[in-house]
Amino acid sequence: MPQRSFPVPGALVRAAASAFVLAAASGAALAQGTAYVSSEKDNALTMIDLATLTVKGTIPTCKRARHIQLTPERQIMVACTDSNQADLIDPASGKSVRRIALGDEPEAFDLSPDGKVIYVSNEDAGEASFIDAASGKKLRSVKVGAEPEGVKVSADGKTLYVTSEVASLVHVIDTASGKVVKNVRVGKRPRRMAITPDGKELWITNELGASVSIVSTATHEVIDTLKFEVKGARAEDITPVGIQMTSDGKRAFVGLGRANHVAFVDVPGRKVGSLVLVGKRAWNVTLDKAQARLYVVNGLSDDVTVVDVAGAKAIKSVPVGRVPYGLVIVE
């Protein structure tokens, strides 16, 4: 029988130490920073430590905090529907810097590429407002369809897209003139949007259409529609809202609402791949900087599901505020 060789104790120690260092480095690459989650009922942002995936505190904010994103200066801006304001928060101090009036019933917004203009959907008024970020002055209002929600600015800042939930339209607005240059009919109750990194396609989630409409940004025509199906779920419970694409434009992630799943989509192939079970009413989705983990905000189970992108599997559920809405990551 051939003899077996065994590592000596010192070698075992060195191997274990090396494994520990590699594991620690891998974990650090995955998660260093904080996720901030807005809550419709708590008037606060919940902070999740990315390294431990645990809640480390809250930051008070204005009433009914909903859409949230980072400014070019890496400050946190959150729209508060019941306060008719945006709260600008410094993540370093965890304190509000100032409040900016956004008009009646603001739900979603986007910022011009230079951060100087805030584009806001004012739900009750059926308008898109242009707000000067520095002064808070309203620059103009553009009449759009009933219940506008999603707001997205092109990378060059020249075109603004606004969804109208009731009219099932995407309004294409020239930012220089404030004129609606085209109305694009999409699926039923369009909500949120993503633009492919090459700028050629606009993807719109249709909450009551169980679909995504794909629009050419050159012609502003619908060029394809992607339907979602979830085994065991009724069609009316497949209610896509949040969408985010990877930086290379190869994959999109779509929260499927009451179907309690997030869909992994092959963007060039326009095909649905993996479906990952998450919490109740998978609402908005956010990738970390490494695009290794996806954070899914679940509005009815009051938690955030952390999904391992490579493995297409949920790895943890983190309880957060009541009726969580959106999430941004500061790394």
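Because only heavy atoms are used, hydrogens play no part in the values below, and waters and symmetry mates are left out as well, while side chains stay in. Counting from 1, the numbers follow the sequence of the chain as shown.
To the nearest 0.5 Å, the span separating CG on D302 from OG on S39 amounts to 7.5 Å. Interatomic distance, S317 OG to L53 CG, rounded to the nearest 0.5 Å: 10.5 Å. Separation of atoms OG (S301) and CZ (R281) is listed at 9.5 Å; rounding is to 0.5 Å. Considering CG of L102 and CG of N122, their distance stands at 7.5 Å, rounded to 0.5 Å. Atoms CD and OG, on Q75 and S96 in that order, are 9.5 Å from each other to the nearest 0.5 Å. With rounding to the nearest 0.5 Å, the separation of NZ in K200 from CD1 in I223 is 10.5 Å.
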Check your understanding: Does the side-chain contact (heavy atoms from CB on, under 4.5 Å) test come out yes or no for V304 and V37, once each step is laid out?
Key -> CA-CA 9 Å; V304 169; V37 188; 4.0 Å; yes
Check your understanding: How far apart are the C-alpha atoms of R322 and D42, what are their side-chain angles, what is the distance that settles it, and do they pass the salt bridge (charged side-chain N to carboxylate O under 4.0 Å, His left out) test?
Key -> CA-CA 6 Å; R322 296 176 298 159; D42 289 338; 2.5 Å; yes
Check your understanding: Passes side-chain hydrogen bond (donor to acceptor under 3.5 Å, both in side chains), Q244 versus N284? Steps please.
Key -> CA-CA 9 Å; Q244 184 173 354; N284 283 304; over 6 Å; no
Practice item. Please step through side-chain contact (heavy atoms from CB on, under 4.5 Å) for the pair V78 and H67, ending with a clear verdict. Key: CA-CA 6 Å; V78 56; H67 182 70; over 6 Å; no
Check your understanding: Please walk me through it: do F253 and F264 pass ring pair (Phe, Tyr, Trp, His ring centres under 6.0 Å)?
Key -> CA-CA 5 Å; F253 304 92; F264 285 41; 4.8 Å; yes
Review point. For K316 and T305, what are the C-alpha separation, side-chain angles and deciding distance, and is it a side-chain hydrogen bond (donor to acceptor under 3.5 Å, both in side chains)?
Key: CA-CA 6 Å; K316 188 167 184 180; T305 302; over 6 Å; no
Review point. When you look at T196 and M245, which way does the side-chain contact (heavy atoms from CB on, under 4.5 Å) test go after all the steps?
Key: CA-CA 7 Å; T196 53; M245 289 188 180; 3.7 Å; yes
Exercise for review: Mind running side-chain contact (heavy atoms from CB on, under 4.5 Å) on T34 and I48 for me, showing each step along the way?
Suggested key: CA-CA 6 Å; T34 304; I48 300 174; 5.8 Å; no
Exercise for review: Could you go through the salt bridge (charged side-chain N to carboxylate O under 4.0 Å, His left out) check for D224 and R270 one step at a time?
Suggested key: CA-CA 9 Å; D224 209 346; R270 297 177 187 166; 3.3 Å; yes
**Study point:** Intermediate values then yes/no, salt bridge (charged side-chain N to carboxylate O under 4.0 Å, His left out), E221 and K182
**Key:** CA-CA 10 Å; E221 301 285 345; K182 191 163 186 178; 2.7 Å; yes
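Salt-bridge check for E331 with K289: failed, with every basic side-chain N at 4.0 Å or more from each acidic carboxylate O. The residues R192 and E149 are annotated as salt-bridged, a charged nitrogen and a carboxylate oxygen being separated by less than 4.0 angstrom. Contact check on D237 versus R258 returns a salt bridge, with a Lys/Arg side-chain nitrogen under 4.0 Å from an Asp/Glu carboxylate oxygen. Under 4.0 Å is where a charged nitrogen must lie from a carboxylate oxygen, and between D87 and R99 at least one such pair does.
Linking Ile, Leu, Val, Met, Phe, Trp and Tyr whenever their side-chain heavy atoms come within less than 4.5 Å leaves V166 and M193 in two separate clusters. One hydrophobic cluster, built from ILVMFWY side chains closer than 4.5 Å, cannot hold both V180 and V170; they sit in different ones. L160 and V144 end up in the same hydrophobic cluster when Ile, Leu, Val, Met, Phe, Trp and Tyr side chains are linked at under 4.5 Å. By the rule that hydrophobic residues join a cluster once side-chain heavy atoms approach within less than 4.5 Å of another member, I89 and I68 end up as members of one cluster. If you chain together hydrophobic residues whose side chains sit under 4.5 Å apart, Y295 and V278 never meet in one group.
A donor-acceptor contact closer than 3.5 angstrom links the side chains of S247 and Q291. No side-chain donor-acceptor contact under 3.5 Å links D49 and T54. Judged by distance alone, the side chains of D303 and N298 do bring a donor and an acceptor atom under 3.5 Å apart. A side-chain donor-acceptor contact under 3.5 Å links E107 and Y325. With 3.5 Å as the limit, one finds a donor-acceptor pair spanning the side chains of T81 and R66.
V153 has its side chain out of reach of T159: every pair of non-hydrogen atoms, C-beta onward, lies at least 4.5 Å apart. Side chains of I315 and R293 form a contact here, defined as non-hydrogen atoms less than 4.5 Å apart. Put simply, the side chain of V184 reaches to within 4.5 Å of the side chain of V222, judged on heavy atoms. Two residues are said to be in side-chain contact when any heavy atoms from C-beta on lie closer than 4.5 Å; K116 and D132 fail this criterion. Side-chain atoms of V117 and T175, non-hydrogen and from C-beta on, never get closer than 4.5 Å to each other. Looking at heavy atoms from C-beta onward, T239 lies out of side-chain contact with R191 at the 4.5 angstrom threshold. At least one side-chain heavy atom of I118 sits under 4.5 Å from a side-chain heavy atom of I100. Using a 4.5 Å cut-off on side-chain heavy atoms (C-beta onward), V254 and F228 make contact.
No side-chain donor-acceptor contact under 3.5 Å links S211 to the backbone of K227. Using a distance-only test at 3.5 Å, with no hydrogens or angles considered, no donor-acceptor pair links the side chain of S129 to the main chain of I131. With H261 contributing its side chain and V230 its backbone, the two residues share no donor-acceptor pair below 3.5 Å. The backbone N or O of K137 sits less than 3.5 Å from a side-chain atom of S135, completing a donor-acceptor pair. No donor-acceptor pair under 3.5 Å is formed between the side chain of S164 and the backbone N or O of L169. A donor-acceptor pair under 3.5 Å is formed between the side chain of S177 and the backbone N or O of K179.
Each of F109, F130, Y161 was evaluated against Y119; a single residue qualifies, F130, per the ring pair (Phe, Tyr, Trp, His ring centres under 6.0 Å) test. No option in C80, S38, S83 other than C80 meets the side chain to side chain contact (heavy atoms under 4.5 Å, CB included) test with T61.
Other residues, nucleotides and ligands place no more than 12 heavy atoms under 6.0 Å from the NZ atom of K250. Annotation for K280: atom NZ does not count as buried by contact number, only 12 or fewer foreign heavy atoms lying within 6.0 Å.
Across all their heavy atoms, P197 and D248 have their closest contact at CG-C, 4.1 Å.
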